[in-house]
Structures are given as structure tokens and as C-alpha cells.
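To start, the structure itself, in C-alpha cells.
Quantities reported herein were computed from a predicted structural model and do not represent experimental measurements. All chains are named by letter (A, B, ...) in the order of the sequence lines, taking the proteins before the strands, and each is independently numbered beginning at 1.
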2 protein chains.
Amino acid sequence: MAARDYGQYGGVTRGLELVGERWALLIVRDLLVGPRRYGELAGGLARIPSNILAARLKELQAAGIIRRVPHSRVIVYELTPYGRELEPVVLALGAWGFKSLGDPREEQVITPDAMTMDLRTAFRPQVAEQLPATAYAARFGHAELLIRVDGSTLDVTRGDGPVDLAFAAGPGIRRLISGELGPERAIETGVVEVLRGRRALLGRFASTFHLAA
Amino acid sequence: MAARDYGQYGGVTRGLELVGERWALLIVRDLLVGPRRYGELAGGLARIPSNILAARLKELQAAGIIRRVPHSRVIVYELTPYGRELEPVVLALGAWGFKSLGDPREEQVITPDAMTMDLRTAFRPQVAEQLPATAYAARFGHAELLIRVDGSTLDVTRGDGPVDLAFAAGPGIRRLISGELGPERAIETGVVEVLRGRRALLGRFASTFHLAA
DNA sequence: CTGGATCCTGCCCGATACTG
DNA sequence: CAGTATCGGGCAGGATCCAG
């Protein structure tokens with residue numbers, strides 16, 4: 001059951017043997033948002049072949065990273081405590097990758113789970129703490145998210161609820177988060193369209209979620 | 001030039017497209033210790049096929065992660081600033097992998113670079129700060145390392161020099177670092193053999209380098 | 001000798017079809 | 001809905017060969 005190994009002894013090598021296979025860490029990323037069904041994972045990882053998804057789920061399960069839980073008629077996959085400890089790894093990799101991210105290409109999908117983890121990556125708790133609690137409804141491509149910031153805690157869900165600011169963002173939202181584009185300019189240039197609420201709140205959003213390029 | 005992509009837009013996805021291929025992150029790990037020649041990389045990554053090493057070096061270079069530097073007759077590879085920013089990722093993955101590490105198997109090699117990064121992973125600066133500066137010479141398998149701790153800084157090299165404690169560690173050293181085995185017991189059971197210096201210093205080593213399982 | 005390039009084999013990945 | 005079966009292509013693995 002041990003994945004293809006590297007013939008070396010060490011922490012990094014061991015880590016890669018467990019989650020280094022193609023698609024594995026993306027499955028973990030989506031499960032960090034919450035338990036998911038097989039079909040939900042397949043939907044979020046649009047281009048994963050079903051046999052690969054099935055194989056990865058078995059491997060991750062054998063490695064003690066995820067658990068297969070029958071949940072009244074349906075089966076969901078969720079992270080074990082050891083699997084949840086991958087969060088710092090995923091966040092660090094996401095932060096690093098974000099820095100060289102360009103604008104989304106035509107064929108690239110923006111999924112809610114990926115966006116959620118990116119928001120967690122960019123979240124600055126020590127900044128948020130200084131600001132009043134705020135709820136945002138954000139649409140990125142097809143992903144609609146409810147983002148609630150309260151003190152130093154962040155909660156991103158797909159549900160609906162009352163918000164202080166609702167906006168839709170086109171490609172280029174990245175530049176708002178990286179600081180290349182100020183909030184006012186983002187609205188002027190059409191990168192962000194404010195749907196409801198005071199547009200000044202977009203500045204609060206930009207300072208709460210920030211990741212330099 | 002873009003590696004096989006995932007068809008998704010996001011930080012984690014982007015990161016995996018850059019360093020998610022097999023062997024890539026191990027090359028980065030070794031280069032985090034210092035610049036290396038082609039042959040040194042091949043030696044440290046014993047089982048990497050030469051064509052794969054050559055291919056990865058080209059890809060990492062194209063991605064702006066490493067640089068190929070002619071250095072008076074010889075060529076060395078070194079990380080770019082962007083590549084060096086992978087250190088938190090490698091350390092986080094190493095810390096995570098370390099937790100499920102067993103004892104080294106017969107066919108597993110312990111390389112100096114892998115060991116160096118594991119020591120960096122386990123290093124606790126805030127503990128070291130409270131202790132007097134100490135130099136250790138440690139032999140793990142075939143890897144001989146000079147470990148210097150001074151205040152909150154750690155320096156691991158392959159050179160030689162005056163040390164306060166010299167020891168050789170067998171398989172099972174992991175249990176000393178994880179705290180499963182106390183320093184006294186480690187010496188008693190032969191897991192660690194003190195070659196020079198006061199054996200009490202092994203306790204200092206164990207509290208300086210610690211990573212819970 | 002170092003730093004690769006080349007060739008070939010085999011296995012993993014990817015795409016699609018199919019089933020309980 | 002949650003996977004399994006099948007098959008082709010491409011990357012990985014190992015050995016060998018070549019250039020400076």
C-alpha cells in the first residue's frame with residue numbers, strides 16, 4: 001500500500017510519499033473546507049479521471065489521512081486529525097503559488113473550494129481584529145461565497161445570509177488582493193462590480209485579505 | 001513550458017503545477033541547504049534517473065525557481081529568491097511527514113541534506129535561545145554533520161570543527177527527537193553512542209530539536 | 001570526470017465506457 | 001451516485017552513450 005517511494009529516509013520524503021502523488025493534495029485542499037461526497041470532489045476537481053479519484057481516496061485512506069464515513073444513505077469523505085494537520089502545508093503552498101499566479105485563463109475553472117482556501121491563505125487575522133465584524137457576498141466566476149469576518153476569525157461558506165457588501169469580481173481580482181490595484185481603481189476599471197452595500201467597504205475587504213506578489 | 005496543468009485557477013493549484021512533479025520538491029529541499037552541482041544532486045537523490053534530474057532542473061529553471069550558475073569551470077544550481085521562499089512549504093511538509101516516520105528501513109538512505117532539513121524542521125529557536133551556545137558533531141548513518149546552535153540561530157554544515165558533544169546515532173534517533181525516548185534511555189539502549197563530551201549535553205540536544213509525533 | 005543526452009521498457013495517468 | 005473496467009499515451013525508471 002506504500003506509495004512509490006524515494007528510497008530515502010526523512011520527513012520531506014515521507015510527506016511526499018503520502019501526499020506527493022498527482023491530485024492528492026488538491027483532494028486534501030477541498031476536504032479542508034469540509035467533508036465532501038465522491039461526486040462533490042469529482043465536481044470540484046473537474047478534470048480528474050474517476051479511476052484516479054477512486055485510487056487516491058483509497059491511498060489517502062490507507063495512509064490515515066482521510067476517512068470514509070457512511071452518513072445515512074450517502075458516503076462522505078472527511079479528513080482525520082492527521083489529515084487536518086496538512087492545513088499549514090496547503091496554506092504555505094497556496095501562498096507561494098499565489099505569488100506567481102496570473103489572471104485566469106479561459107479554460108481555467110474557479111471552484112468554490114479553491115477560492116475558499118485562497119481566501120484563508122490571504123486572510124490576515126491581526127488586521128481583521130482591528131476592524132468591525134463584516135459579512136461579504138462575493139462572486140468569483142461561478143463561485144458564490146458568503147464571507148464572514150468577525151474579530152480574528154474567518155468563516156467562508158456557500159450559504160446565503162445578510163451581508164454588508166455584495167460584489168462580483170472578474171479576472172484581475174488577484175490584483176486587488178496583491179495590492180497592485182487599489183479598491184477605488186478596481187471599481188472604476190470594472191474589475192469589481194459592487195452589487196449591494198457601500199463601496200467603501202471594498203477597501204476593508206482588501207486590507208483584510210492581502211498577499212503580496 | 002507550463003507543466004501539465006490541472007485546469008483550475010488558484011494558489012495551491014499553481015504551486016503544484018510548479019513544484020508538484022515527482023522529485024521536484026526534493027531537489028528544492030537539497031538546494032535549500034546550499035548550491036549544489038549536478039553530480040551532488042544526483043548523489044543526494046540516489047535513485048533519481050539522470051534524465052529526470054535534467055528535466056526537472058530545466059523546468060525549475062524555466063519557472064524561475066532555480067538558477068544555473070557557471071562558477072569557474074563548474075556549474076552549480078542555486079535557488080532564486082522566489083525558490084528560497086519555498087522553505088516554509090518544505091519545512092511544513094517535513095514536519096508533517098516526520099510525524100508518521102518509522103525507523104529507517106534497510107534500503108533507505110540517510111543523506112546529509114535530508115538530515116539537515118529535518119534538523120531545521122525540528123529546531124526550536126525559542127528554546128535554544130534560553131540555552132548556552134553549543135556545537136554538536138552528529139553521525140546519522142553515513143551522514144556526518146556539524147551542528148552549531150547559538151542563541152536562536154542554527155547552522156548545520158558538513159565541515160569539521162570543535163564541538164561540545166560528539167555522538168553517533170543509530171536508527172531510532174527519531175524517537176529521541178519525538179520525545180518517545182529520553183536522552184538517558186537513548187544512551188542506555190545504544191540508540192545513541194556518545195563519542196566525546198559530557199553525555200548530559202544530549203539532553204540539551206533533545207530539547208533544542210523536538211517534534212512531537 | 002562532470003554534466004548531461006539518448007534509447008527503451010514499464011507503469012502511472014488520462015479519457016471514456018460501463019456497472020451495482 | 002459511487003465507483004470499476006479497459007485501453008492508449010506519456011512520464012518515470014534504468015542503462016548506456018556522448019561532449020567538454
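In this structure, OH of B:Tyr38 is placed 14 Å from C1' of C:dC1, rounded to the nearest angstrom. When rounded to the nearest whole Å, the span between CG of A:Leu57 and C1' of D:dG3 equals 10 Å. Between the CZ atom of B:Arg73 and the P atom of C:dG3 there is a distance of 12 Å, given to the nearest Å. Atom-to-atom, CZ of B:Arg37 to C1' of C:dG4 comes out at 13 Å; the value is rounded to the nearest Å. If you measure from atom CG of A:Leu45 to atom P of D:dA2, you get 15 Å, rounded to the nearest angstrom. The CD atom of A:Glu40 sits 8 Å away from the P atom of D:dA2 (whole-angstrom rounding).
For DNA chain C, each stem of at least three Watson-Crick or G-U pairs (distances under 3.5 Å) is given as range with range: C:1-19 with D:2-20.
Between A:Phe123 and A:Phe209, the angle of the ring planes lies from 30° to 60°, which puts this pair in the tilted group. Using a 30° and 60° split on the angle between ring planes, A:Tyr136 and A:Phe205 fall in the perpendicular class, above 60°.
For B:Glu78 and B:Arg36, the salt-bridge test fails: no basic side-chain N is under 4.0 Å from an acidic carboxylate O.
The closest side-chain heavy-atom distance from A:His71 to A:Val74 is below 4.5 Å.
Contact between the side-chain N/O atoms of A:Lys58 and the OP1/OP2 oxygens of D:dA2 is not found at any separation under 4.0 Å. Applying the 4.0 Å criterion to OP1 and OP2 of C:dG4, one finds that B:Arg68 has a side-chain N or O inside that range. Distances shorter than 4.0 Å separate some side-chain N or O of A:Tyr77 from OP1 or OP2 on D:dG3.
Within the 3.5 Å criterion, the main-chain N or O of B:Tyr6 finds a donor-acceptor partner in the side chain of B:Glu17. Judged by distance alone, the side chain of A:Arg148 and the main-chain N or O of A:Leu154 form no donor-acceptor pair under 3.5 Å.
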For nucleotides 7-20 of chain D, just jot down a letter per nucleotide in 5' to 3' order: B, S or -, based on protein non-hydrogen atoms under 4.0 Å. -----SBBB-----
Quick one: do B:Asp103 and B:Arg175 satisfy salt bridge (charged side-chain N to carboxylate O under 4.0 Å, His left out)? Show the steps, please. CA-CA 9 Å; B:Asp103 287 337; B:Arg175 285 201 289 270; 3.2 Å; yes
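For A:Ala54, the side-chain atoms get nearest to D:dG3 when compared with the rest of D:dG3, C:dG4, C:dT2.
Checking A:Thr116 against A:Arg158 by side-chain atom types alone, no donor-acceptor pair falls below 3.5 Å.
Under a cut-off of 6.0 angstrom, the local environment of CG in A:Asp160 is sparse, with at most 12 non-hydrogen atoms contributed by other residues, nucleotides or ligands.
As judged by a 4.0 angstrom heavy-atom cut-off over every strand, B:Ile75 is placed among residues touching the sugar-phosphate backbone only.
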